[in-house]
Participant: 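Sharing a structure, written as structure tokens. Questions coming.
Keep in mind that this is a model prediction, so the values were computed, not measured. The chain is numbered in sequence order, starting from 1. Hydrogens, waters and symmetry mates play no part in the numbers below; they use all other heavy atoms, side chains included.
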Amino acid sequence: MSVDQHSDPFEERLSSALHDTGNAFEADRGALTDGGQARGRRMRVRRRAAVLGGAAGIALVGVGGALLVPGGGGESGRASAASGAEVTAAAQGTPAPVSGEELIRTLKGLLPDGEFSGEQGRGTDAAFEPFAQVVYDDGKGPAVVSVSLGRVEPGTSQARQATRCPDKVFTPYDSCATSTLADGSKLMLFKGYEYPDRRVDTKWWNAVLVTPQGQQISVSEWNSAAEKDAPISRPTPPLSASQLKELATAPQWRSVVDALPERAGKPSAESSAPPPRADGPVIRETLAELVPDRVEVVSKGGQDSEYAYLVLDDGKGKSFVQINVQHDMLDVADQLYGSAETLDDGTLVATRQGPGEKGAAGVVMWTVDTMRADGRRVVISAFNTGAQHEDATRDAPALSMEELRAIALSPRWDDLT
């Protein structure tokens, strides 16, 4: 796998909850992902307008790059010092770029003694966040170990979600815990699997640290010589939970992120204000109130904004139902709806019935996708299983297409700010 193909755990976690799902939610690739892709296109257009013409822009969910101080040698590899050129550059307020090779050397210096191969890295002057990755063998079998560095705005939903354990409805895992360190930093330690459906038992262990200053460090390890499509080479990844924590909290990484220069072309604070986003807990409670009385709400959850889910049971087994509520989507209506039905008030309605998209056996997904004349989009999907990555437990979802349509078209959604 080339450096350009490397999949940064930061990026994966934000686009899907923890590697295959995101930050605690993975939208289905039929009804919801097309909306996310369309929103991404729309955000790029607006961001370009903001940079070139001063129009109102949108703040992207993402993390900045980071500058890594090269690691020193020695048996423990714990000492790290900047070169004279880097000290001079930092004193002048212009941190010197660090190459991918230097990032790799630092990671190797922080790992216990072992053999290294498969080294990959991306420097701080690249377009994407810097990372380092090696195949590490402590004598018990080769395993991938990687680290990614970046920034997150302190106090934001993005910062909170980075260290929040995922919902097991989306992501099966063996253990996950979030703790607060003495300095106020949040640390999540996660032990799960590369594939949510467990079609291959490759284990993925991850530590994510977010400091009160917004420094973000992610360390990942696997029990194989590649993240995907490689034989399992050892029972578990090489680093224990305590070693994973030690690597993620190493002081070198924090001082490195502090040295990161501002990205060129960054929109102003005024132009980068995010668009309005419907409150997730309100969406969840509204959905619970709109489902028919004949079904029981077994569990519920969602995100801070735009998304919520329920697990229903009508006496015939669990059924997962998810909903997205998005504002200001008119500029992509043609891409999303095509020849969809148009109601008298201008609302667009598209329906889909097909197989689920997580690889689980026998799963079907029924979807009603609507957009009001003011651009408010409400998309609801129901499944014949209690979790998308689990095999079907019933013939059809607990809600009919007519019931899904009634929920999506409810005037209650028009009241959400």
Participant: Between E227 and T202, which heavy-atom pair has the shortest distance, and what is it?
Facilitator: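 Heavy-atom minimum between the residues: O-CG2, 3.9 Å.
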Participant: For the pair T249 (side chain) and K245 (backbone), establish whether a donor and an acceptor sit closer than 3.5 Å, ignoring hydrogens and angles.
Facilitator: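 Side chain of T249 to backbone of K245: a pair is present.
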Participant: Just by modelled atom types, is the V325 backbone N or O under 3.5 Å from a matching donor or acceptor in the R277 side chain?
Facilitator: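 No: the side chain of R277 does not pair with the backbone of V325.
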Participant: Could you list the residues that satisfy side-chain contact (heavy atoms from CB on, under 4.5 Å) with A406, not counting sequence neighbours?
Facilitator: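 None.
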Participant: Once salt bridge (charged side-chain N to carboxylate O under 4.0 Å, His left out) is applied, what residue pairs with a partner in residues 130-142 remain, sequence neighbours excluded?
Facilitator: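 Matches after skipping sequence neighbours: D138-R234.
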Participant: Do the non-hydrogen side-chain atoms of L310 and V291 ever get within less than 4.5 Å of each other?
Facilitator: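 With C-beta onward as the side chain, the pair touches.
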Participant: Taking salt bridge (charged side-chain N to carboxylate O under 4.0 Å, His left out) as the definition, give me every residue that meets it alongside E115, ordered by chain and number, with sequence neighbours left out.
Facilitator: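 None.
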Participant: Using a 3.5 Å distance criterion without hydrogens, assess whether the side chain of T106 forms a donor-acceptor pair with backbone atoms of E102.
Facilitator: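 Side chain of T106 to backbone of E102: a pair is present.
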Participant: Report yes or no: do Q303 and Q161 form a side-chain donor-acceptor pair below 3.5 Å?
Facilitator: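 No.
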Participant: Quiz question: by atom type and distance under 3.5 Å, do the side chains of D369 and T351 form a donor-acceptor pair?
Facilitator: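 Note: D369 and T351 side chains miss the donor-acceptor criterion.
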Participant: Can you find a heavy atom in the side chain of Y136 that is under 4.5 Å from one in the side chain of S117?
Facilitator: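 A side-chain contact is absent here, since even the closest heavy-atom pair is not under 4.5 Å.
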Participant: Decide yes or no on side-chain contact (heavy atoms from CB on, under 4.5 Å) for V379 and T370, but give the supporting numbers first.
Facilitator: CA-CA 6 Å; V379 189; T370 68; over 6 Å; no
Participant: Any side-chain to backbone donor/acceptor pair from Y307 onto Q322? Under 3.5 Å, distance only.
Facilitator: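 Checking the backbone N and O of Q322 against the side chain of Y307, no donor-acceptor pair under 3.5 Å is found.
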Participant: Roughly how far, to the nearest 0.5 Å, is the CG atom of L187 from the CD1 atom of I217?
Facilitator: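 Separation between the atoms: 10.0 Å.
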Participant: Who pairs with E289 by side-chain contact (heavy atoms from CB on, under 4.5 Å), at least two apart in sequence or on another chain?
Facilitator: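 E289: side-chain contact (heavy atoms from CB on, under 4.5 Å) contacts with R412.
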Participant: Can you see which heavy atom on A408 is nearest to which on R372, and at what distance?
Facilitator: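 Heavy-atom minimum between the residues: O-NH1, 2.7 Å.
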Participant: The criterion is side-chain contact (heavy atoms from CB on, under 4.5 Å); which residues satisfy it with R160, sequence neighbours excluded?
Facilitator: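 For R160 the side-chain contact (heavy atoms from CB on, under 4.5 Å) partners, ignoring immediate neighbours, are S157, R164, D304.
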Participant: Drop me the distance from Q326's CD to R376's CZ, to the nearest 0.5 angstrom.
Facilitator: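 One gets 11.5 Å once the value is rounded to the nearest 0.5 Å.
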Participant: Sequence neighbours left out, what passes salt bridge (charged side-chain N to carboxylate O under 4.0 Å, His left out) with E390? Give chain and number order.
Facilitator: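 Expected list: none.
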Participant: Between E221 and L244, is there a side-chain heavy-atom distance shorter than 4.5 Å?
Facilitator: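 Side-chain contact under 4.5 Å: yes.
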Participant: Side chains of S220 and W204: do they bring a donor and an acceptor to under 3.5 Å?
Facilitator: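 The criterion, which ignores hydrogens and geometry beyond distance, is satisfied for W204 and S220.
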Participant: Nearest 0.5 Å please: distance from the CG atom of L348 over to the CG atom of L336.
Facilitator: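 L348 atom CG to L336 atom CG measures 9.5 Å (nearest 0.5 Å).
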Participant: Taking C-beta and beyond as the side chain, do S185 and P212 meet within less than 4.5 Å on heavy atoms?
Facilitator: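 S185 vs P212: side chains touch.
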Participant: If we ignore angles and hydrogens, is there a donor and acceptor under 3.5 Å between the side chains of R377 and Y337?
Facilitator: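 On atom types as modelled, these side chains qualify, holding a pair under 3.5 Å.
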Participant: Could you report the tightest heavy-atom contact between V208 and S218, atom names first, then the distance?
Facilitator: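 So the minimum-distance heavy-atom pair works out to CG2-OG, 3.9 Å.
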Participant: Just by distance, no angles: are the side chains of T367 and S381 close enough, under 3.5 Å, to form a donor-acceptor pair?
Facilitator: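 Result is yes, a qualifying pair exists.
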Participant: With no hydrogens and no angle check, do the side chains of N223 and T236 hold a donor and an acceptor under 3.5 Å apart?
Facilitator: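 Looking only at side-chain atoms, T236 and N223 do not form any donor-acceptor pair under 3.5 Å.
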Participant: Do E119 and K108 sit within salt-bridge range, that is, some charged N less than 4.0 Å from a carboxylate O?
Facilitator: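 Yes.
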Participant: For R284, enumerate each residue passing the salt bridge (charged side-chain N to carboxylate O under 4.0 Å, His left out) test, keeping only those at least two apart in sequence or located in another chain.
Facilitator: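 So R284 forms no salt bridge (charged side-chain N to carboxylate O under 4.0 Å, His left out) with any residue.
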Participant: Do the non-hydrogen side-chain atoms of F131 and L149 ever get within less than 4.5 Å of each other?
Facilitator: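 A side-chain contact under 4.5 Å is absent here.
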Participant: Identify the two heavy atoms, one from A248 and one from L209, that lie closest to each other, and give their separation to 0.1 Å.
Facilitator: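 Minimum heavy-atom separation between A248 and L209: O-CD2, 3.6 Å.
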Participant: Measure from the side-chain N and O atoms of S305 to the backbone N and O of D279, and report whether any donor-acceptor pair falls under 3.5 Å.
Facilitator: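 Checked: no pair found.
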Participant: Quick check: closest heavy atoms across V363 and N384, and the distance to 0.1 Å?
Facilitator: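 Nearest heavy atoms, V363 then N384: CA-OD1, 3.3 Å.
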Participant: With salt bridge (charged side-chain N to carboxylate O under 4.0 Å, His left out) as the rule and sequence neighbours excluded, what pairs involving residues 168-184 come up?
Facilitator: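 For residues 168-184, and leaving out neighbouring residues, the salt bridge (charged side-chain N to carboxylate O under 4.0 Å, His left out) pairs sorted by first residue read D183-R254.
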Participant: Which pairs with one or both residues in residues 391-404 pass salt bridge (charged side-chain N to carboxylate O under 4.0 Å, His left out), sequence neighbours excluded?
Facilitator: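 Output for this query lists R294-E403, D314-R394.
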Participant: Determine, for K203 against E194, whether the closest basic-nitrogen to carboxylate-oxygen distance falls under 4.0 angstrom.
Facilitator: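 No, this pair does not count.
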Participant: Walk me through whether F116 and I104 qualify under side-chain contact (heavy atoms from CB on, under 4.5 Å).
Facilitator: CA-CA 10 Å; F116 298 97; I104 293 167; over 6 Å; no
Participant: How many angstroms lie between atom CD of E101 and atom CZ of R122, to the nearest 0.5 angstrom?
Facilitator: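 Interatomic distance, E101 CD to R122 CZ, rounded to 0.5 Å: 13.5 Å.
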Participant: Side chains of C176 and M188: does their closest heavy-atom pair fall under 4.5 Å?
Facilitator: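 Yes - at least one pair of side-chain heavy atoms lies under 4.5 Å apart.
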Participant: Grab the two heavy atoms, one from P397 and one from S319, that are nearest each other, plus how far apart they are.
Facilitator: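 So the minimum-distance heavy-atom pair works out to CA-OG, 3.6 Å.
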Participant: Which distance, rounded to the nearest 0.5 Å, do you find between the CD of Q216 and the CD of E129?
Facilitator: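 Separation between the atoms: 9.5 Å.
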Participant: If you round to the nearest 0.5 Å, how far is OG of S299 from CG of D167?
Facilitator: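 Interatomic distance, D167 CG to S299 OG, rounded to 0.5 Å: 7.5 Å.
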Participant: Can you list everything that forms a salt bridge (charged side-chain N to carboxylate O under 4.0 Å, His left out) with K300? Sequence neighbours excluded, please.
Facilitator: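 Partners of K300 under the salt bridge (charged side-chain N to carboxylate O under 4.0 Å, His left out) test: E285.
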Participant: Among I407, I380, V295, whose side-chain contact (heavy atoms from CB on, under 4.5 Å) with V321 holds?
Facilitator: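 In the set I407, I380, V295, the residue that makes a side-chain contact (heavy atoms from CB on, under 4.5 Å) with V321 is I380.
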Participant: Evaluate the side-chain contact (heavy atoms from CB on, under 4.5 Å) criterion for residues W222 and V135: first the C-alpha distance (whole Å), next the side-chain angles of each, then the deciding distance (0.1 Å), finally the verdict.
Facilitator: CA-CA 10 Å; W222 292 260; V135 177; over 6 Å; no
Participant: Can you name the residues that form a ring pair (Phe, Tyr, Trp, His ring centres under 6.0 Å) with F320, not counting sequence neighbours?
Facilitator: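 If we apply the ring pair (Phe, Tyr, Trp, His ring centres under 6.0 Å) test to F320, skipping adjacent residues, the hits are F170, Y309, F383.
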Participant: Less than 3.5 Å apart, any donor N or O on the side chain of T180 or K186 sitting next to an acceptor on the other?
Facilitator: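 Distance-only check passes for T180 and K186.
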Participant: So, using side-chain contact (heavy atoms from CB on, under 4.5 Å) as the criterion, who are the partners of Q353 when residues are at least two apart?
Facilitator: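 For Q353 the side-chain contact (heavy atoms from CB on, under 4.5 Å) partners, ignoring immediate neighbours, are W366, M401.
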Participant: Determine, step by step, whether Y173 and C165 satisfy the side-chain contact (heavy atoms from CB on, under 4.5 Å) criterion, reporting the C-alpha distance in whole Å, the side-chain angles of both residues, the deciding distance to 0.1 Å, and the verdict.
Facilitator: CA-CA 10 Å; Y173 55 84; C165 289; 4.3 Å; yes
Participant: Quick check with a 6.0 Å cut-off and a 45 degree axis cone: is R198 positioned over the face of Y193's six-membered ring?
Facilitator: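 R198 over Y193 ring: yes.
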Participant: Is there side-chain contact between V219 and N206, with heavy atoms separated by less than 4.5 Å?
Facilitator: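 A side-chain contact is absent here, since even the closest heavy-atom pair is not under 4.5 Å.
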Participant: Is there side-chain contact between P112 and Q243, with heavy atoms separated by less than 4.5 Å?
Facilitator: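 Touching, per the 4.5 Å side-chain cut-off.
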